[in-house]
Amino acid sequence: MKQDSLGNPWKVFYEEVVRLLADTASVEIATIKRFIEVPPDPKLGDIACTIAFHLAKEQKMKPFPIAEEIVSKLRESIKDNPLIDRVESKGPYINLFFNRTEYVSRTVHEVIQTNDRYGLTDEYKGKRALIEFPAVNPSKPWHIGHTRNAVLGDTLCNVLQATGWEVIKLDYINDLGLQIAQLTWKLMQMGEEEVEDKYDHYLGHLYVDVQTAFEKDEKVKAEIREVARKLEDLDSDESRTSIKMVTACVKAQYQTAYRLGIFHDYQVWESAIAHSGLLDAAKKIMLRAENIIKLEEGEKAGCIVARLDMLDEFKDMQDPYKVLFRSDGTRTYTGADVALQMWKFGILDDPFKYQFFETQPNGKDIFRTSLSGEDRNLGKFDAVFNVIGAPQAHPQRLIYVILGLLGYKEQSENSHHISYEFVGLEDVGFSGRKGTWIGYSSDVVIDRAKELAREEVDKRNPDESETFRDSVAEKIATGAVRYFLLNASPDRKITFRWKEALDFNGDAAPYLQYSHARATRILEKVSKNCQTDVDMTLLTHEAEFALSKAIARFPEEILETVRGLQKSTWGTGFQSNKLTSYCYNLATLFSKFYDTCPVLKADNELKSARIELVRAFKITIANCLKLLGIPVVERM
RNA sequence: GGGCGUGUAGUCUAGUCUGGAUAGGGCGCUUGCCUCCGGAGCAAGAUGUCCCAGGUUCGAAUCCUGGCACGCCCGCCA
């Protein structure tokens, strides 16, 4: 067996089919691969080839007889083939049928052997990625839209890791924004106060109040600007108040993250960037580039700008000069973002010291950038992924383009904007300023989901302990929220509706967890020791084969998702919904199997074989749920 | 003005990159299935101008051209 086919049962059969077809039709392997597909109805075959259409065009013949001819030749060459059973033509389609018992037994053995590593491949071994998400302002609780970002970012990490990538998870903390100045002003006015709410919620509400005052009162505006200036001085009272506030807020926000199983390795703080010398170092390098210049005259005199007019996609910009550093020398957001992107790739020497932030529930410490602390070496990265909303497509593109203008072509090419649309309500988006997020914070949403789950758990487990029921309800709630966010195609807006978000029937996480729980239940009732001499050829039922086929596809589904991370001009798409629908389909096929194929009541030999299949299913769906960050539940 | 995204049954949506067989699901609706491994389930059924108009092709939800509708983006702002 070829090495790269290890742990990927589907690929073994696929490669064999491709080889056979290429030989028989005398066509290149790569060409054949373009014309391989899975028939819409499994009755037609397990795998199909449409090469006849292609050859018909080349040879100016009708596709039907070409398919016929290939099929009749194929019949000869598969006579002694252990993997392929038969081949049929249906019109121009060449349909092949796998040897079912071979397919089922290879799949089940492979899964049971690799166990919790099933699905993992080493296709991208040696590659390192830095991923930034979700970069929520430390001034409010996460709302369900922020959580979409976080869940996408976290799942992307899991998926990359499953294919061999090494991943470093980064969060960005903007502790110098206007919102922070406003809140600092308010806190200093109020003095010390006992806070009973979760701190991020407390700040979020406070912020709505401040905003009202800010908009109405010029005097307040002036005072807040003064606070903003003082925040730059790390020894000021304002700065000390702010740092304390931001730290408490991020810790509160992370309580939400931890509930959802989301952890990080590092945080980059804006204040650390501002005082680290990173910006000056970046500026120096930028000015060496031909298209980064300091303007001497015109409206933007004194500014350091990037010239973008020679680039096609920006030719319609109102002004070809993108300001990186203002005439007073301060950096714009774009300027800072370019510098940060340079840092991420290690173009600039790391100017940061690192400080312990806190120990996460997964046991790993998270560190923040600072001006004092220890040195760290994050190392080189092959790719940088920024998980940011679709409205930022243009600014993100600018950053990468400017990186290219600086001469870092490769880094520019390997910069990825993982784009997703926002979550909103029926007629309004979420706004921190207007407070429209109130009632839709992730904490509130998860809690509501938990209440509903709890009702159901109570009904089904009246004799279980409070601890058990609470823990299961929590797992169902967080799983449901993650699935809800991942199952929507990222380039589609989500309109948040309680009825849909909390619908636990059908295409939703509890169904997946439930199928795992049922499989677990069956296995609990059989003797613990693994059977060794099991006759897998007994598994001939349609439902058993369909389930095996789905199980066999798992590693390939992950690989296809990673291959699908293709960069286009305005972002890199991450098809999170491909994996959720795979997982749902897998669970559906188990439910059908469960319904039609009794396991414990089957005759001895058949029973043993079915138990092995259930074992393989349980491993696969558990691994898939872990990949999606959905808690695996034994009983519910 | 230019750019990006979306448009698929009552409703929410997959599929569009890479054209291929009868457009898959979920919710809701109709009807069956618990002396039988857990019914958050299974089986059967009804519901479609795949936004519109052209074009390319043996073949278009998918590609091209031109429209329409909705959302977003195009600051020395943050």
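Note on naming: letters A, B, ... go to the chains in the order of the sequence lines (proteins, then strands), and numbering restarts at 1 for each one.
Rounded to whole Å, the C1' atom of B:U22 lies 24 Å from the corresponding atom of B:C29. Atom P of B:U8 sits at a distance of 11 Å from the matching atom of B:U49, rounded to the whole Å. The separation of B:U16 from B:C63, taken at their C1' atoms, amounts to 10 Å, rounded to a whole angstrom.
Looking at A:R331, its side chain never comes within 3.5 Å of a backbone N or O of A:A274 through a donor-acceptor pair.
The side chain of A:W570 sits closest to B:G3 out of B:G3, B:A21, B:C76.
Residue side chain A:S327 reaches the base of B:C76 through a donor-acceptor N/O pair under 3.5 Å, judged by distance alone.
Counting non-hydrogen atoms under 4.0 angstrom, A:T330 reaches nothing in the nucleic acid. Nucleic acid contact for A:L324: none, since no nucleic acid atom lies under 4.0 Å from a heavy atom of the residue.
Taking atom NE2 of residue A:H417 and atom C1' of nucleotide B:G5, one finds them 12 Å apart after rounding to whole Å.
Enclosure of atom CD in A:E634 by more than 12 non-hydrogen atoms of other residues, nucleotides or ligands within 6.0 angstrom is indicated.
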Exercise. Quick one: what's the B/S/- string for nucleotides 27-38 of chain B, heavy-atom cutoff under 4.0 Å, read 5' to 3'?
Worked result: S--------SBB
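A salt bridge links A:D458 and A:R454; the closest N-O separation between the charged side-chain nitrogens and carboxylate oxygens is under 4.0 Å.
Put simply, A:R492 has a side-chain N or O that comes within less than 4.0 Å of OP1 or OP2 on B:A14.
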